[in-house]
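Position 1 is the first residue of the sequence, and the numbers go up from there.
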Amino acid sequence: MKTRKALAALAVIAAISGCATGIRGTVQLIDSRSQPIANETPKGAVVNMINTKAAVDQASASAAVNEKGEFESPKDAIKPGLYKLEVSRIGYETQTQTVEVG
């Protein structure tokens, strides 16, 4: 029987500097019982950040996840608004979370 694997996205909104805002957080690999998967790094996962209220040409940004599971939005890519975060990696179920950037 194949074990289903999932990505768990724990996104934290934080000011990067001064007036600039951004999205940063941590991604964790979990199994079908919501238990962390040992000895496997989330590196290679991608976090897409989609502003649900912005014009199409300004609506999205993406960030790669490092070996610690950390990600941060590109500098000056995030404007205030409601964002849908989609975390994906080959071999895992895509997970979605909504965050508001003020």
Side-chain angles (χ1 to χ4, degrees):
M1 176 179 276
K2 186 176 178 182
T3 303
R4 296 187 73 180
K5 299 176 184 176
L7 292 164
L10 307 173
V12 179
I13 302 169
I16 294 175
S17 65
C19 298
T21 55
I23 299 173
R24 64 180 171 188
T26 305
V27 172
Q28 183 177 30
L29 303 178
I30 59 173
D31 62 20
S32 61
R33 297 168 297 160
S34 297
Q35 297 299 309
I37 298 174
N39 303 321
E40 196 163 345
T41 175
K43 184 177 181 178
V46 175
V47 181
N48 291 308
M49 298 160 245
I50 304 154
N51 187 328
T52 61
K53 306 285 183 182
V56 173
D57 61 337
Q58 302 171 352
S60 66
S62 62
V65 176
N66 68 18
E67 56 279 334
K68 295 179 184 177
E70 300 167 340
F71 69 91
E72 188 170 329
S73 59
K75 185 177 180 180
D76 300 325
I78 302 299
K79 307 293 183 217
L82 190 63
Y83 284 80
K84 180 170 79 169
L85 303 184
E86 293 181 344
V87 181
S88 60
R89 182 175 175 206
I90 295 173
Y92 289 82
E93 294 177 10
T94 297
Q95 297 293 311
T96 304
Q97 182 175 346
T98 302
V99 296
E100 186 169 1
V101 176

State the OG1-CG distance between T96 and N48, to the nearest 0.5 angstrom. 10.0 Å
Just wondering, do I23 and F71 contact through their side chains at under 4.5 Å, heavy atoms? yes
Search all heavy atoms of A77 against all heavy atoms of A61 and return the closest pair with its distance. CB-CB, 3.8 Å
For a side-chain contact (heavy atoms from CB on, under 4.5 Å) with L82, tell me which candidate from N51, V99, V101, T98 qualifies. T98
How long is the gap from OG1 on T52 to NZ on K84, to the nearest 0.5 Å? 9.0 Å
Apply the test side chain to side chain contact (heavy atoms under 4.5 Å, CB included) to residues I37 and Y92: give CA-CA distance (whole Å), side-chain angles for both, the deciding distance (0.1 Å), then the verdict. CA-CA 12 Å; I37 298 174; Y92 289 82; 3.9 Å; yes
Between T41 and L29, the two heavy atoms sitting closest are O-CD1, 3.4 Å
Once rounded to the nearest 0.5 Å, what's the spacing between atom CD of Q28 and atom CD of E40? 12.0 Å
Apply the test side chain to side chain contact (heavy atoms under 4.5 Å, CB included) to residues V65 and R89: give CA-CA distance (whole Å), side-chain angles for both, the deciding distance (0.1 Å), then the verdict. CA-CA 10 Å; V65 176; R89 182 175 175 206; over 6 Å; no
The reported gap from OG in S88 to CD in E93 (rounded to nearest 0.5 angstrom) is 12.5 Å
Close side-chain approach of M49 and L85, heavy atoms under 4.5 Å: yes
Indicate the atoms forming the closest heavy-atom contact of G22 with S73, along with that distance. CA-OG, 3.4 Å
Tell me, do I78 and Y83 make a side-chain contact under 4.5 Å, heavy atoms counted? yes
What closest approach, in Å, do A45 and V87 show between heavy atoms, and which atom pair accounts for it? CB-CG1, 4.4 Å
